[in-house]
Amino acid sequence: MILRILDRFEEILISLLMAAAVTLIFVAVVHRFSIGFAADLVAWGRSADMAWLQSFGRSAFKAINSIKLTWAQEACIYLFVWMAKFGAAYGVRQGIHVGVDILVERLEGNTRKLITIIAMSGGILFTAIISWIGTDFVYHVYQGGQTSPDLEIKMWLIYLAVPLGSALMCFRFIQALYLYLTTGYIAHHDHGAVDGLEDEADDLAKGGHA
């Protein structure tokens, strides 16, 4: 039950972060384009000697320019950082991380099992170290009281993505290792779910026969 809640929370969080970042980027681009368009209206009104167009352009420019989105770029960076860290943990759960397994695929029996266990254990150790170092780093940032330049958010809150995301990724590696030891199953990405992959493979095959 708890794992289901965690899985769902992970998926919802990543989706919300991605949606927020995309929406914010879209709004910022429209805002920037609108300011340029309002300035063009003023120029067109001046060149055509149309006072009403100049007045409308100036009013639109002032109204749009009063909406300050200088913080949007910084916010998007932070959103993508959080999305990447938790997305990495999601990738472990789904088995979609890129890995060099050409040697493992050629092995059999206990040797293959041993190498797989070592590889997963390495992931556990690495993410645990990153989580520990990240926690120490966040603590020192908290002690320093740093804030972000545009949003003026406490930076330790932003950097929390590192220890939290790494801890979740470590847990996913532990979960994957336990699943492998008890059932022999390893989560892997289904290439058949990738649109166009089979067509590309057929094209390559035809090219090889040509």
Practice item. Under the side-chain contact (heavy atoms from CB on, under 4.5 Å) rule, what do V81 and I158 come out as? Steps first, then yes or no, please. Key: CA-CA 9 Å; V81 168; I158 306 300; 5.8 Å; no
Review point. Are M120 and I186 close enough, and set up right, to give a side-chain contact (heavy atoms from CB on, under 4.5 Å), and what steps lead you there?
Key: CA-CA 10 Å; M120 290 186 175; I186 300 178; 4.0 Å; yes
Point to revise | V30/S34 under side-chain contact (heavy atoms from CB on, under 4.5 Å): CA gap, chis, key distance, verdict | key: CA-CA 6 Å; V30 171; S34 299; 3.9 Å; yes
Measure the [atom1]-[atom2] distance between [X] and [Y] for me, rounded to the nearest 0.5 Å.
{"X": "L79", "Y": "M18", "atom1": "CG", "atom2": "CE", "answer": "11.5 Å"}
{"X": "I124", "Y": "I117", "atom1": "CD1", "atom2": "CD1", "answer": "10.5 Å"}
{"X": "S47", "Y": "D40", "atom1": "OG", "atom2": "CG", "answer": "10.5 Å"}
{"X": "N110", "Y": "L114", "atom1": "CG", "atom2": "CG", "answer": "8.5 Å"}
{"X": "I118", "Y": "L125", "atom1": "CD1", "atom2": "CG", "answer": "12.5 Å"}
{"X": "T147", "Y": "E152", "atom1": "OG1", "atom2": "CD", "answer": "6.0 Å"}

For a quick test of reading the model, state the closest non-hydrogen atom pair linking [X] to [Y] and the distance between them.
{"X": "S166", "Y": "K85", "result": "OG-NZ, 3.2 Å"}
{"X": "I64", "Y": "H31", "result": "O-NE2, 2.9 Å"}
{"X": "G57", "Y": "L41", "result": "CA-CB, 4.1 Å"}
{"X": "L24", "Y": "A72", "result": "CD2-O, 3.7 Å"}
{"X": "Q175", "Y": "L3", "result": "NE2-CD1, 3.7 Å"}
{"X": "V162", "Y": "G134", "result": "CG1-CA, 4.1 Å"}

Non-neighbouring partners of [X] that pass side-chain hydrogen bond (donor to acceptor under 3.5 Å, both in side chains), sequence neighbours left out:
{"X": "S148", "answer": "E74"}
{"X": "E10", "answer": "R93, R172"}
{"X": "R32", "answer": "none"}
{"X": "Q73", "answer": "none"}

Exercise for review: Go through the steps to decide whether T127 and V92 satisfy the test side-chain contact (heavy atoms from CB on, under 4.5 Å), and finish with yes or no.
Suggested key: CA-CA 11 Å; T127 50; V92 174; over 6 Å; no
Give a yes or no answer on whether the side chain of [X] reaches the backbone of [Y] with a donor-acceptor pair at less than 3.5 Å.
{"X": "S55", "Y": "A51", "answer": "no"}
{"X": "T23", "Y": "A20", "answer": "no"}
{"X": "T182", "Y": "Y178", "answer": "yes"}

Out of curiosity, does [Y] fall in the hydrophobic cluster containing [X] (side-chain heavy atoms, cut-off under 4.5 Å, transitive links)?
{"X": "L16", "Y": "I77", "result": "no"}
{"X": "F126", "Y": "L164", "result": "no"}
{"X": "Y139", "Y": "I153", "result": "no"}
{"X": "L13", "Y": "L157", "result": "yes"}
{"X": "L160", "Y": "Y90", "result": "yes"}

Review point. Are any non-hydrogen side-chain atoms of K113 and Y180 less than 4.5 angstrom apart?
Key: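 SC-SC contact between K113 and Y180 confirmed.
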Review point. Given side chains that start at C-beta, do those of L177 and T116 come closer than 4.5 Å, heavy atoms only?
Key: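 No, every pair of side-chain atoms sits at 4.5 Å or beyond.
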Check your understanding: Does a sphere of radius 6.0 Å around CD in Q143 hold more than 12 heavy atoms from other residues, nucleotides or ligands, not counting ones at 6.0 Å or beyond?
Key ->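 More than 12 heavy atoms, drawn from other residues, nucleotides or ligands, come within 6.0 Å of this atom.
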Check your understanding: According to the ring-ring contact (aromatic ring centres under 6.0 Å, His included) rule, which pairs have a member within residues 52-85, sequence neighbours left out?
Key ->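 Qualifying pairs, neighbours excluded: W82-F86.
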Point to revise | All pairs passing ring-ring contact (aromatic ring centres under 6.0 Å, His included) where residues 140-173 contributes a residue, at least two apart | key: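 Of all non-adjacent pairs touching residues 140-173, those that pass ring-ring contact (aromatic ring centres under 6.0 Å, His included) are F137-Y159, Y142-W156.
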